[in-house]
Enquirer: 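The structure under discussion is supplied below as structure tokens; questions concerning it will follow.
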Protein chains: 2
Amino acid sequence: MGGGSSGGSPGRGSRANIRDVARVAEVSVATASRVFSDSSLVRPATREKVLRAAESLGYLPNAHARALVGGGGHTVAFLTAEMVGPSFADLASGVEQVTAEYGHLFMLCTTHDDVEREQRYVRLMGEQRAAAVLLVGATEAGPDYQRRVLGYVKELGAVGTQLILCGRPPVSPGADVPSIEYDNLGGGYSATRHLLELGHRRILAVGFSPLQTTTGPRLTGARQAYGDAGLPVDDLLLAESCFSIEEGDRAVTQALAEDTGFTAVVAAADHVAIGCLRAIRRAGLRVPEDISLTGFDDIPVVSDLTPALTTVRVPFGELGRVSARVALDEVERRRYRHVVLPTELVVRASTAPPPPA
Amino acid sequence: MGGGSSGGSPGRGSRANIRDVARVAEVSVATASRVFSDSSLVRPATREKVLRAAESLGYLPNAHARALVGGGGHTVAFLTAEMVGPSFADLASGVEQVTAEYGHLFMLCTTHDDVEREQRYVRLMGEQRAAAVLLVGATEAGPDYQRRVLGYVKELGAVGTQLILCGRPPVSPGADVPSIEYDNLGGGYSATRHLLELGHRRILAVGFSPLQTTTGPRLTGARQAYGDAGLPVDDLLLAESCFSIEEGDRAVTQALAEDTGFTAVVAAADHVAIGCLRAIRRAGLRVPEDISLTGFDDIPVVSDLTPALTTVRVPFGELGRVSARVALDEVERRRYRHVVLPTELVVRASTAPPPPA
DNA sequence: TTGAAAGCGCTACCAA
DNA sequence: TTGGTAGCGCTTTCAA
């Protein structure tokens with residue numbers, strides 16, 4: 001080291017290619033190719049020779065050249081706003097698992113909720129001739145969104161890349177994009193009904209955005225629970241807020257200050273619920289003795305909070321697996337254009353009857 | 001639908017290529033190419049024509065063809081055991097962020113701690129001619145591991161792919177693989193010293209594996225703290241256990257049953273600490289009044305536990321960003337073969353002086 | 001069972 | 001400013 005001029009990694013000049021391998025192995029390029037495509041029409045001895053040559057040259061087939069002639073990429077792109085939270089992890093793992101089973105590559109892209117980044121990535125994945133692009137997770141579902149997705153369908157369709165909506169509802173008529181989602185409305189419904197059945201009447205809803213594809217329907221479900229119980233929906237108090245621990249905290253703190261007399265909080269998501277819990281505590285109140293609290297998602301830690309959180313479980317892993325299968329398997333895709341996986345209420349210790357008035 | 005025979009996505013037969021675009025735009029292939037490589041030597045009017053043609057054909061450049069001639073992939077592969085936990089999220093986000101800044105693609109692969117999968121992915125990434133492969137996170141650092149990494153260096157080196165160790169120590173002499181890690185030993189040291197300073201003497205260490213690249217040094221640090229304080233290292237009680245909430249729970253439950261008289265627990269990671277907390281509670285003891293507890297990593301939720309957890313903060317985001325920069329920038333790489341980022345003790349409510357004997 | 005050669009879609013070089 | 005064209009590394013006919 002230090003002295004020589006030709007230092008660096010092995011094969012510094014040009015990388016070995018299949019022609020080099022063929023030459024060293026004293027066979028034709030075609031034969032060498034057959035060996036690496038594990039075709040069976042090669043005599044074992046010949047195969048050995050080729051393999052040895054490859055080994056000695058540090059040869060690795062070039063996936064780009066293969067994709068070029070073979071006609072396709074073998075990548076599944078997973079497009080999400082952020083890669084945070086256990087829900088993300090389960091979902092992504094599910095996709096990754098099935099993707100690997102199909103012998104494809106899993107590619108993760110984060111948009112940070114930036115439309116431009118999203119568009120760039122979709123285009124990029126088209127250029128890569130990805131097998132599929134999964135648009136994952138909650139989003140604001142306005143007309144702009146519809147139009148954007150339609151654009152993606154067209155752009156990707158032209159290069160043979162399949163678009164899939166994962167954890168989102170289908171885009172309305174026209175575009176026929178497969179959509180794998182879960183029952184947000186039902187989850188919101190059962191959480192709220194649970195509280196109503198316990199005797200709560202004035203419930204504070206925190207963290208819901210009516211236009212968002214996940215929390216919107218959850219809110220609708222909550223409303224429906226009031227309706228079905230024959231109770232005035234006006235008793236469902238709405239605290240506007242976003243999707244973080246801090247904002248959940250802030251929202252509840254404010255609601256408490258306004259003294260609107262709620263005895264329970266339905267949070268739009270577990271993270272929000274954690275923030276709510278903080279705020280309730282800080283106000284010197286107890287959960288569930290003074291105020292009941294529910295979350296949504298059932299991320300692992302919420303069972304370790306004090307008290308353990310009552311929440312709605314979402315089958316993230318399965319969502320991922322099903323999405324990937326639909327993305328990669330044409331038969332499944334034809335069969336399942338729209339799948340809605342069930343959600344399930346998990347009652348733990350954060351909900352109880354309201355304190356006696 | 002149903003009747004026609006030529007249905008399906010647009011351009012059903014063959015996808016448009018640059019030649020088609022050139023033909024429609026009535027220019028040469030070379031000119032069309034220049035437009036998409038945004039080279040400046042094209043008259044605006046011509047550029048327009050080409051762009052319009054591309055648009056009308058739904059043309060998207062083929063990244064594989066480009067990589068083939070351009071000589072390289074633009075992918076950064078992130079190889080980790082699992083994509084769980086906020087630490088993973090921060091780390092991966094950091095890598096992704098910088099990767100995007102360099103105009104590269106971020107690719108995530110999970111090995112599930114399976115050597116075979118790891119090897120397959122490394123090879124696959126070599127075939128993709130990835131710009132870099134990051135081996136991320138804790139691992140058992142035996143001689144097998146050393147040998148394996150050496151193999152990767154050779155395999156990837158031959159195709160021009162850079163290998164980087166991220167959150168792991170360098171492999172010992174010989175292979176010169178860049179390594180970006182953080183101060184595990186120092187973290188273990190300061191957590192333990194903190195407990196010692198509070199007056200604890202018999203401390204239970206949970207979740208450490210001496211051979212593992214992260215918890216191993218953390219344990220060494222803990223021992224060192226005893227040594228530096230002039231205290232018998234034998235008072236650091238070792239509870240063998242793995243890396244999950246459940247195993248932390250089990251370990252502490254057992255230790256409690258054995259009545260070894262410890263007044264504090266150092267957990268090898270926050271997740272383990274959560275399990276310890278569970279066990280301590282179940283035994284009817286309080287944290288920190290009866291038993292103090294520290295974690296490691298500082299994942300977001302631990303500040304919401306009751307009590308908030310004293311732990312060691314790891315700069316995961318920066319770890320990711322630095323790793324990516326070293327991976328992608330030859331100058332940085334030459335300068336920083338080995339980086340150790342600092343860790344920091346965060347004292348919260350789970351630690352206090354031991355109860356009076 | 002093996003080999004020769006024609007592309008896959010693109011860029012980059014050299015000429016015009 | 002534009003066009004012709006030789007590859008990039010590979011697979012895959014078609015022949016031998």
Side-chain angles (χ1 to χ4, degrees), chain A residues 11 13-51 53-54 57-74 124 126-130 158-161, chain B residues 11 13-51 53-54 57-74 124 126-130 158-161:
Chain A
S14 52
R15 323 285 180 208
N17 62 26
I18 202 173
R19 218 147 20 232
D20 300 325
V21 174
R23 191 179 315 121
V24 171
E26 303 178 290
V27 300
S28 73
V29 173
T31 299
S33 172
R34 289 190 190 103
V35 170
F36 300 115
S37 315
D38 74 359
S39 127
S40 38
L41 322 87
V42 180
R43 185 152 43 99
T46 314
R47 166 186 306 275
E48 271 311 308
K49 261 199 310 188
V50 171
L51 256 18
L57 291 170
Y59 169 77
L60 233 44
N62 184 319
H64 296 296
R66 283 182 150 171
L68 187 53
V69 49
H74 282 189
L124 213 51
E127 295 181 354
Q128 302 284 330
R129 303 299 190 260
V159 296
T161 295
Chain B
S14 52
R15 323 286 180 207
N17 62 28
I18 201 171
R19 219 148 19 230
D20 300 323
V21 174
R23 191 180 315 120
V24 171
E26 303 179 288
V27 300
S28 73
V29 173
T31 300
S33 171
R34 287 189 192 104
V35 170
F36 301 116
S37 316
D38 75 0
S39 122
S40 39
L41 322 87
V42 180
R43 187 153 41 101
T46 314
R47 167 186 305 275
E48 271 311 308
K49 263 199 308 188
V50 172
L51 255 17
L57 290 170
Y59 170 78
L60 233 45
N62 184 319
H64 296 296
R66 282 182 152 171
L68 187 52
V69 49
H74 282 188
L124 213 51
E127 295 181 354
Q128 302 284 331
R129 304 300 191 258
V159 296
T161 295

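The figures that follow rest on heavy atoms only: side chains count, while hydrogens, waters and symmetry mates do not. Letters A, B, ... are given to chains in the order of the sequence lines, protein chains preceding strands, and every chain is numbered from 1.
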Enquirer: Report the C-alpha distance between A:Asn62 and A:Asn17 in whole Å, list the side-chain angles of each, state the deciding distance to 0.1 Å, and finish with yes or no for side chain to side chain contact (heavy atoms under 4.5 Å, CB included).
Expert: CA-CA 8 Å; A:Asn62 184 319; A:Asn17 62 26; over 6 Å; no
Enquirer: Which residues pass the side chain to side chain contact (heavy atoms under 4.5 Å, CB included) test with A:Leu124, sequence neighbours left out?
Expert: A:Tyr121, A:Glu127, B:Leu105
Enquirer: Please give the angle, rounded to 10 degrees, between the axes at the start and the end of the helix from C:dT1-D:dA16 to C:dA16-D:dT1, where five pairs define each axis.
Expert: 30°
Enquirer: If you apply the rule side chain to side chain contact (heavy atoms under 4.5 Å, CB included), what do you find for B:Arg129 with A:Leu60, and how did you get there?
Expert: CA-CA 9 Å; B:Arg129 304 300 191 258; A:Leu60 233 44; 3.9 Å; yes
Enquirer: Could you list where the contact with chain A starts and ends along DNA chain D, reading 5' to 3', using a 4.0 Å heavy-atom cut-off?
Expert: D:dC8 to D:dT13
Enquirer: Which nucleotides of nucleotides 9-16 of chain C have their base under 4.0 Å from a protein heavy atom (B), which only their sugar-phosphate (S), and which neither (-), written as one string 5' to 3'?
Expert: BBBBB---
Enquirer: Looking only at heavy atoms, which two atoms of A:Val21 and A:Ala53 are closest? And how far apart?
Expert: O-CB, 3.8 Å
Enquirer: Can you tell me if A:His64 uses its side chain to pair, donor with acceptor, with the backbone of B:Gln128 under 3.5 Å?
Expert: yes
Enquirer: Return the value, rounded to whole Å, for the distance between atom CD of A:Glu48 and atom C1' of C:dT1.
Expert: 17 Å
Enquirer: Closer than 4.0 Å, any side-chain N/O of A:Thr46 to the OP1 or OP2 of C:dT2?
Expert: yes
Enquirer: I'd like to check the side chain to side chain contact (heavy atoms under 4.5 Å, CB included) partners of A:Val35; sequence neighbours left out, ordered by chain and number.
Expert: A:Val42, A:Arg47, A:Val50, A:Leu51
Enquirer: With sequence neighbours excluded, give me every side-chain hydrogen bond (donor to acceptor under 3.5 Å, both in side chains) pair touching residues 26-35 of chain A.
Expert: A:Ser28-A:Thr31
